[in-house]
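To keep things clear, I will list the structure first and then write my remarks on it.
Quick note: numbers below take in every heavy atom, side chains included, and nothing from hydrogens, waters or symmetry partners. None of these values were measured; they are calculated from a predicted model.
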Amino acid sequence: MEEMRAQHVCVRLLPLLLLSLAMAAAQTSPPAPAPLTRPCSFYSGNSCENCLKNVSCLWCITNSTCLEYPVRSILPPSSLCAMSAARWGACWINFEALIIAMAVVAGVLLLTIIVCCCYCCYCRKSSSSRLRLEAEEENLIREREKRRQESLQRKNERTVKHNEIRKKYGLLQDMDHPYSKFDNE
């Protein structure tokens with residue numbers, strides 16, 4: 001019963017986890033614009049929105065320039081543009097906040113996956129051990145009842161044997177005879 005409930009919880013959590021992964025991926029990835037053949041420097045002095053239509057471009061707010069995103073290094077160097085002034089993907093969020101937000105989302109997703117896996121493993125383990133304990137307890141009860149029945153049988157056999165010996169030596173009177181209780185008077 002508990003194992004089925006644990007599996008049911010895990011089955012319910014899996015779609016929720018997949019849905020949250022899909023939503024996070026949809027929120028963190030920028031929309032794919034139509035490819036532009038113009039170099040990023042063409043958009044310098046223009047607006048941030050025009051610059052960021054090209055995914056390979058990086059907008060620097062401090063000097064309003066549109067720069068090629070340094071693909072070889074994951075993070076743009078501070079000599080190119082300060083992270084707090086750099087914009088990539090969306091003009092309303094700076095690159096520093098974007099990296100922090102993506103790291104938080106990735107951390108939460110990873111933590112959710114780990115907790116879900118641990119919970120499912122724990123539930124499966126505890127339910128199987130609980131079933132095993134219940135089976136052992138049932139076996140112990142069965143064995144105890146069997147031993148009690150055997151003990152009662154041996155006790156009855158002993159009583160019958162002792163009564164036969166008492167009858168043989170006259171220590172036990174025959175209860176079937178109507179005058180047996182008056183024999184010794």
Hphob cluster co-occupancy, Val105 + Val108, side-chain heavy atoms under 4.5 angstrom
no
Check whether Tyr69 and Val55 end up in the same hydrophobic cluster, where Ile, Leu, Val, Met, Phe, Trp and Tyr are linked by side-chain heavy atoms less than 4.5 Å apart.
yes
Applying side chain to side chain donor-acceptor pair (under 3.5 Å), can you list everything that pairs with Ser56, at least two apart in sequence or on another chain?
Asn54
With Glu145, which residues qualify under salt bridge (charged side-chain N to carboxylate O under 4.0 Å, His left out), at least two apart?
Arg148
Would you call the rings of Phe95 and Trp88 parallel, tilted or perpendicular, taking 30° and 60° as the class edges?
perpendicular
So, taking the atom named [atom1] in [X] and the one named [atom2] in [Y], what distance separates them when rounded to the nearest 0.5 Å?
{"X": "Ile100", "Y": "Met83", "atom1": "CD1", "atom2": "CE", "value": "9.0 Å"}
{"X": "His162", "Y": "Arg166", "atom1": "NE2", "atom2": "CZ", "value": "7.0 Å"}
{"X": "Asn163", "Y": "Lys161", "atom1": "CG", "atom2": "NZ", "value": "13.0 Å"}
{"X": "Cys81", "Y": "Asn63", "atom1": "SG", "atom2": "CG", "value": "6.5 Å"}
{"X": "Glu134", "Y": "Glu136", "atom1": "CD", "atom2": "CD", "value": "11.0 Å"}
{"X": "Cys118", "Y": "Leu111", "atom1": "SG", "atom2": "CG", "value": "9.5 Å"}

CD of Glu137: more than 12 outside heavy atoms within 6.0 angstrom?
no
[Y] side chain reached by [X] side chain, heavy atoms, under 4.5 Å:
{"X": "Trp59", "Y": "Ser64", "answer": "yes"}
{"X": "Cys40", "Y": "Leu67", "answer": "no"}
{"X": "Leu98", "Y": "Arg87", "answer": "no"}
{"X": "Glu150", "Y": "Arg154", "answer": "yes"}
{"X": "Arg142", "Y": "Lys146", "answer": "no"}

Would you sort out whether Asn50 and Ser47 count as a side-chain hydrogen bond (donor to acceptor under 3.5 Å, both in side chains), showing the intermediate values?
CA-CA 5 Å; Asn50 288 337; Ser47 70; 3.2 Å; yes
For the residue pair Ala86 and Leu58, what are the closest heavy atoms and their distance?
CB-CD1, 3.9 Å
When you measure from the side chain of Ser151 to the backbone N and O of Arg147, does any donor-acceptor pair fall under 3.5 Å?
no
Does the pair Cys57/Cys66 show an SG-SG distance of less than 2.5 angstrom?
no
Could you go through Cys91 and Cys48, starting from their C-alpha distance and side-chain angles, then the distance that decides it, and tell me whether this counts as disulfide (SG to SG under 2.5 Å)?
CA-CA 6 Å; Cys91 292; Cys48 174; 2.1 Å; yes
